[in-house]
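Remember, predicted model here, so these are calculated numbers, not experimental data. The basis for the numbers below is simple: all heavy atoms, side chains too, and nothing from hydrogens, waters or symmetry mates.
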Amino acid sequence: MNKKFLGLVLVCSLTMSAFAQSKHGWRGPNNDGSYPDTGLLKEWPATGPEMVFETLDAGKGYSSPQVVGDRIYMTGLNEDENKEVFNCYDLQGKKLYSTVYGNPWKDSYPEARTTPTVEGDKAYVVSGMGEVVCLNIADGKILWSVDGGTKYGRKTGNWGTSECPLVYDDKVIYSPCGDQTTMVALNKETGEEIWKTKSLGDKSGYVTPILIEYKGKRQIISMNEAHAYGVNPDNGEIEWTFDDWGPKFTGARKMWDNITPNSALFKDGKIFFCQGYDLNGFQLQLADDLKSVSLVWRTDVLDTHHGGYVLVDGVIYGSNWLNNNDGEWCAIDWNTGETIYHTKWSGGKGKGSIITAEGLLYCYDERRGTVALVRPGKTFDVISEFRITKGSGPYWAHPVINNGILYVRHAEAFYAFKLK
């Protein structure tokens, strides 16, 4: 091979690697609840998959584990429940270290929410009070910390900051909202500000932003109390906003906080958002220049509370909000928004979180702690299920699949199960 050509290939490869999004972020490598594992069990024993470990020392939290190599990283509260901690485990569930990194939300539901994003030898977290922190994953040492809540005049709803860091290029993204800015990019090596957007004047949602690519361009997509919006990832320019929540909210939106806890789904230029509390869901078409969006369809069936949703073979799957304690499981056509089904999960189970791997759905009921393997299709077809019985409070942590292992959390209880 020509040496000059080889050199060009190497430079391009290094450039692409340096300017890529972290693959160890919120809800899997593409931030969409889809995990790449294959060769997984197609049904489980009556008692559930074989347990690898069980530990009760995770500390209270709703965040998910992040598995990288032979280590597991997860946030929680300390024993006094007055600080957030970064925990590191080995693959057998032994805790290797625990580092205090920030302050929990001081009001309702103070449990740790931020799932760590790991990039190289560093992890990034955001506390319930808006502290953005970088840690060395080898020993948990804090490398830098920025009190983003104070610095940027953060404005939140009733549950503080519930954001997992988006890490790409040389940047860490945080969304304080408020009167100064909506979103900021910090240098991932130093914590110094790289850019900040203009303010949209609203409170933050509880959303982790996603980074998308379309027509050769990239954009950060997120949602706050009053706006869905797209941001240029290089300079922080807000390139479009959308605030048409539908006729039900015309003129009345400011009467209460729109509660927006779910990251968007993106595919082929189309963006899907849905939120609980009867905010319902909608799909947007992103313009070819990424400067505007248009409404494609709405759904009044799927309004996920905070359990996320997944796209499998042209169908969106998730649960809806009937009230804070109950909901149905739903399937919605990606192209049309038409309802395929909405149904209760039998046996007193309610709404919950959902992920997917190898074409099957993994559902985690937030009321009773039931974990189910579900076949996609025209009905909510449960293949196998078992219960998580230890831990406290609601079952709100999203499950994770890594290297054939299913990781499930219930506050201080943390489990791993073999899926192969």
Side-chain angles (χ1 to χ4, degrees), residues 21-35 62-64 66 113-117 124-126 156-157 159-168 171-177 182-183 203-214 218-231 233 240-242 258-277 279-284 286 293 299 302-312 316-321 330 332 334 351-356 362 364 396-400:
Q21 177 181 347
S22 170
K23 295 299 183 183
H24 301 291
W26 169 235
R27 281 177 58 81
N30 296 309
N31 306 130
D32 60 0
S34 180
Y35 291 85
Y62 305 129
S63 57
S64 300
Q66 192 68 257
R113 306 88 174 275
T114 184
T115 294
T117 298
Y124 302 88
V125 293
V126 183
T156 75
W159 298 284
T161 297
S162 299
E163 182 176 1
C164 309
L166 171 65
V167 180
Y168 68 94
K171 303 173 183 70
V172 180
I173 300 300
Y174 166 56
S175 311
C177 296
T182 291
M183 177 181 287
K203 299 175 183 176
S204 64
Y206 309 96
V207 174
T208 295
I210 66 169
L211 181 68
I212 63 96
E213 184 172 349
Y214 184 58
R218 297 185 305 170
Q219 191 170 79
I220 300 170
I221 295 176
S222 195
M223 198 174 194
N224 296 332
E225 173 203 9
H227 299 88
Y229 59 99
V231 176
W240 59 264
T241 64
F242 180 85
N258 291 348
I259 299 170
T260 55
N262 296 302
S263 299
L265 282 178
F266 178 83
K267 183 177 175 61
D268 298 334
K270 292 184 170 61
I271 308 162
F272 175 74
F273 287 99
C274 84
Q275 321 301 337
Y277 299 94
L279 280 177
N280 302 320
F282 54 86
Q283 188 187 81
L284 305 175
L286 183 61
V293 293
T299 174
L302 183 58
D303 62 332
T304 297
H305 193 187
H306 43 55
Y309 27 73
V310 295
L311 179 62
V312 179
I316 308 166
Y317 295 92
S319 61
N320 67 12
W321 179 90
C330 311
I332 305 293
W334 172 260
K351 55 189 172 61
S353 54
I354 186 170
I355 59 173
T356 183
Y362 294 76
Y364 187 27
W396 282 347
H398 293 213
V400 166

**Study point:** Candidate list W396, Y206, Y277, test ring pair (Phe, Tyr, Trp, His ring centres under 6.0 Å), partner H306, passing option
**Key:** W396

Review point. With a 4.5 Å limit on heavy-atom distance, are the side chains of Y317 and L311 in contact?
Key: no

Exercise for review: Ignoring hydrogens and angles, state whether a donor on the side chain of N31 or Q21 is under 3.5 Å from an acceptor on the partner side chain.
Suggested key: yes

Review point. Is there a side chain to side chain contact (heavy atoms under 4.5 Å, CB included) between K203 and T156 once you walk through the steps?
Key: CA-CA 5 Å; K203 299 175 183 176; T156 75; 5.7 Å; no

Practice item. List for me each residue that meets side chain to side chain contact (heavy atoms under 4.5 Å, CB included) alongside S34, sequence neighbours excluded, and say none if there are none. Key: D32, T356

Study note, to complete from the structure: Scanning both residues in full, the closest heavy-atom pair of S319 with T304 reads O-OG1, 2.9 Å

Check your understanding: Taking atom SG of C274 and atom CE of M223, what is their separation to the nearest 0.5 Å?
Key -> 9.0 Å

Exercise for review: Using the side chain to side chain contact (heavy atoms under 4.5 Å, CB included) rule, take T260 and E225 through it: C-alpha gap first, then chi angles, then the decisive distance, then the call.
Suggested key: CA-CA 6 Å; T260 55; E225 173 203 9; 5.8 Å; no

Point to revise | Verdict with reasoning, N280 to N320, per side chain to side chain contact (heavy atoms under 4.5 Å, CB included) | key: CA-CA 9 Å; N280 302 320; N320 67 12; over 6 Å; no

Revision key, fill the gap. Heavy atoms of P261 and Q275 approach each other most closely as CD-OE1, 3.0 Å

Exercise for review: Would you mind reporting whether H24 and P29 have side-chain heavy atoms less than 4.5 Å apart?
Suggested key: no

**Study point:** Results of side-chain hydrogen bond (donor to acceptor under 3.5 Å, both in side chains) for S175 - residues two or more places apart only
**Key:** E163

Point to revise | Heavy-atom pair of closest approach, residues S222 and V207 | key: OG-CG1, 3.7 Å

Practice item. Could you tell me which residues satisfy ring-ring contact (aromatic ring centres under 6.0 Å, His included) with Y174, sequence neighbours excluded, listed by chain and number? Key: none

Practice item. Could you tell me whether a side-chain N or O of R113 sits under 3.5 Å from a main-chain N or O of W159, the two making a donor and an acceptor? Key: yes

Exercise for review: State which residues pass side chain to side chain contact (heavy atoms under 4.5 Å, CB included) with S64; sequence neighbours excluded, sorted by chain then number.
Suggested key: W26, T115, H398, V400

Review point. How long is the gap from OH on Y35 to OH on Y362, to the nearest 0.5 Å?
Key: 12.0 Å

Practice item. Report the residues that fulfil side chain to side chain contact (heavy atoms under 4.5 Å, CB included) with A264, sequence neighbours left out, ordered by chain and then residue number. Key: I210, I221, I271, F273

Check your understanding: Rounded to the nearest 0.5 Å, what separation is found between the CG atom of L211 and the CG atom of N30?
Key -> 10.5 Å

Check your understanding: Looking at R218 and Y168, what are the two nearest heavy atoms and their distance?
Key -> NH1-CD1, 4.0 Å

Review point. Going by heavy atoms in the side chains, are L279 and D303 under 4.5 Å from each other?
Key: no

Check your understanding: Closest heavy-atom contact between V167 and V172?
Key -> CG2-CG2, 4.2 Å

Point to revise | Polar contact flag, side-chain donor to acceptor under 3.5 angstrom, W240-Q219 | key: yes

Exercise for review: Tell me, please, which residues at least two apart from F242 pass ring-ring contact (aromatic ring centres under 6.0 Å, His included).
Suggested key: F282

Check your understanding: Going by heavy atoms in the side chains, are I220 and I173 under 4.5 Å from each other?
Key -> yes

Revision key, fill the gap. Sorted by chain and number, sequence neighbours left out, side chain to side chain contact (heavy atoms under 4.5 Å, CB included) with K270 holds for Q283, Q285, W334

**Study point:** Non-hydrogen atoms of G308 and N262 that approach each other most closely
**Key:** N-OD1, 3.2 Å

**Study point:** All ring-ring contact (aromatic ring centres under 6.0 Å, His included) counterparts of Y309, not counting sequence neighbours
**Key:** F272

**Study point:** side-chain hydrogen bond (donor to acceptor under 3.5 Å, both in side chains) partners for T161, two or more places apart
**Key:** R154

Practice item. In sequence, state the C-alpha distance, the side-chain angles, and the governing distance for H227 and T182, and then conclude on side chain to side chain contact (heavy atoms under 4.5 Å, CB included). Key: CA-CA 10 Å; H227 299 88; T182 291; over 6 Å; no

Check your understanding: Partners of Y62 by side-chain hydrogen bond (donor to acceptor under 3.5 Å, both in side chains), sequence neighbours excluded?
Key -> E111

